[in-house]
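No hydrogens, no waters, no symmetry mates; every other heavy atom, side chains included, goes into these values.
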Amino acid sequence: MANAADLIQRRQRSEFQSKVKETLFTAIKGNPDLIPSLLTLALNDALTYDKATKSGGPNGSIRFSSEIGRPENTGLSAAMNLLEEAKKEIDSYSKGGPISYADLIHFAAQSAAKATFLAAAIRKCGGNEEKGKTLYNAYGSNGQWGLFDRQFGRADTQDPDPEGRVPIWEKASVQEMKDKFVAVGFGPRQLAVLSAFLGPDQTATETLLATDPDVAPWVQKYQRSRETVSQTDYEVDLITTFTKLSTLGQQINYEAYTYPPPKIDITKLKL
């Protein structure tokens, strides 16, 4: 059973996380063209993970100029710059220390993914934003993010991750993509559901993925799902896969962003 101190820390983390999400939502809403880059930024940050050495992963290393300047990260600097600005605001109101880049990058990708889900609902309502929000709140999979939200406390690395671990998605063959996903414990299903993370043109990416007999059935499954009102199969599988991706090799600090509550001088109480 949780004691009083545990409950206080949970509340502190929950309140801080809610404010972080509000900041990121506002930043992304003002820059919707950066949504694909934010998704790829998180993917490329995480896929430096190496199972053999247990190094790399979603550790914020992509923030370093020597890493984000690599060929596989071409075009992602604007997204990182947006997050740098968001971080300044977040750190200004944080009572439990600065947010890690690792958390910042992956919670931004969560916000970006949610934005794509909401945009799809609005399109299904003929562009009516209020009806779209109602549709998404009623039928969307927002409640599936619970495990992801609990994984709040990723640690930052202090050095760039090794080169050569992430493909250049626009030039990679499907086999190269599959090999990379297998190397971190994923398969064709996860590759298909993360198609939006593999570059700015999801349709072109899926067209390529559908040429592979192992990936094609999953691409078709998720395309059919996105045509439904709820998109349940697509959204749930994406959330599940991204949650796993965003913690590869990470040891989550479940006390991150907590702080001592203010002390009360009982001698000054008037009873």
Side-chain angles (χ1 to χ4, degrees), residues 10-43 45-46 58 79 82-83 86 90 99 102-154 186 189-190 192-197 202 218 221-248 250 252 254 256-257:
R10 288 181 192 176
R11 181 173 180 178
Q12 290 173 347
R13 283 164 55 82
S14 176
E15 289 177 348
F16 178 54
Q17 187 181 111
S18 294
K19 292 188 71 174
V20 169
K21 289 182 178 182
E22 288 175 8
T23 298
L24 292 172
F25 174 81
T26 301
I28 292 171
K29 187 175 182 180
N31 297 271
D33 55 311
L34 291 180
I35 286 176
S37 294
L38 288 166
L39 297 176
T40 306
L41 187 76
L43 179 71
D45 186 52
L82 179 71
L83 297 190
I90 292 167
I99 189 170
D103 276 338
L104 179 72
I105 289 166
H106 293 276
F107 272 82
Q110 179 200 40
S111 294
K114 285 183 175 181
T116 66
F117 297 162
L118 177 58
I122 292 172
R123 284 195 301 273
K124 287 172 182 159
C125 292
N128 187 302
E129 189 169 335
E130 287 305 313
K131 288 183 179 180
K133 288 180 179 178
T134 301
L135 177 67
Y136 178 59
N137 290 333
Y139 295 102
S141 303
N142 206 35
Q144 300 294 320
W145 286 104
L147 179 59
F148 177 90
D149 287 344
R150 287 194 291 276
Q151 313 300 323
F152 192 41
R154 296 167 184 79
F186 290 159
R189 180 175 188 170
Q190 289 74 31
V193 82
L194 291 181
S195 60
F197 289 65
Q202 185 177 16
W218 297 107
K221 174 185 174 71
Y222 297 131
Q223 287 175 337
R224 289 194 299 269
S225 177
R226 292 200 299 270
E227 293 173 359
T228 66
V229 171
S230 64
Q231 300 192 118
T232 301
D233 288 343
Y234 174 64
E235 288 190 11
V236 170
D237 280 8
L238 187 150
I239 293 167
T240 301
T241 300
F242 180 58
T243 298
K244 182 178 179 181
L245 174 81
S246 69
T247 54
L248 289 172
Q250 274 277 359
I252 303 298
Y254 293 100
Y257 314 119

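When the ring pair (Phe, Tyr, Trp, His ring centres under 6.0 Å) test is applied to Phe197, the partners found at least two apart in sequence or on another chain are Phe242. By the salt bridge (charged side-chain N to carboxylate O under 4.0 Å, His left out) test, Arg11 pairs with Glu15, sequence neighbours left out. Every salt bridge (charged side-chain N to carboxylate O under 4.0 Å, His left out) that Arg226 has, sequence neighbours left out, goes to Glu206. Remark: Tyr254 engages Gln151 in a side chain to side chain donor-acceptor pair (under 3.5 Å) (not counting sequence neighbours). For Leu118, the side chain to side chain contact (heavy atoms under 4.5 Å, CB included) partners at least two apart in sequence or on another chain are Ile122, Lys133, Tyr136.
Side-chain contact check for Asp237 and Gln190: no donor-acceptor pair (N or O, by modelled atom type) lies under 3.5 Å. Using modelled atom types and a 3.5 Å distance limit, the side chains of Arg189 and Thr241 yield no donor-acceptor pair. Between the side chains of Ser225 and Gln231, no donor-acceptor pair of N or O atoms lies under 3.5 Å.
Residues Thr247 and Arg154 have side chains in contact (heavy-atom distance under 4.5 Å, counting atoms from C-beta outward). At a threshold of 4.5 Å between non-hydrogen side-chain atoms, the residues Gln110 and Ser246 do not count as touching. Two residues are said to be in side-chain contact when any heavy atoms from C-beta on lie closer than 4.5 Å; Tyr257 and Asp103 meet this criterion. Here the side chains of Thr232 and Tyr139 are not in contact, with every heavy-atom distance at 4.5 Å or above. Contact annotation: the side chain of Leu245 approaches that of Leu43 to within less than 4.5 Å [non-hydrogen atoms, C-beta and beyond]. At least one side-chain heavy atom of Leu83 sits under 4.5 Å from a side-chain heavy atom of Leu38. At least one side-chain heavy atom of Gln17 sits under 4.5 Å from a side-chain heavy atom of Asp149. Between Gln223 and Tyr234 the shortest side-chain heavy-atom distance does not fall below 4.5 Å.
No donor-acceptor pair under 3.5 Å is formed between the side chain of Asn31 and the backbone N or O of Leu34. Thr116 places a side-chain N or O within donor-acceptor distance of the main-chain N or O of Ala113, the cut-off being under 3.5 Å.
Residue pairs meeting the ring-ring contact (aromatic ring centres under 6.0 Å, His included) criterion with at least one partner in residues 107-130, sequence neighbours excluded, are Phe107-Phe148, Phe107-Phe152.
The minimum heavy-atom distance linking Ala102 with Pro58 is given by the pair CB-O, 3.4 Å.
Between the CD atom in Glu129 and the OG1 atom in Thr134 there is a gap of 10.5 Å [rounded to 0.5 Å].
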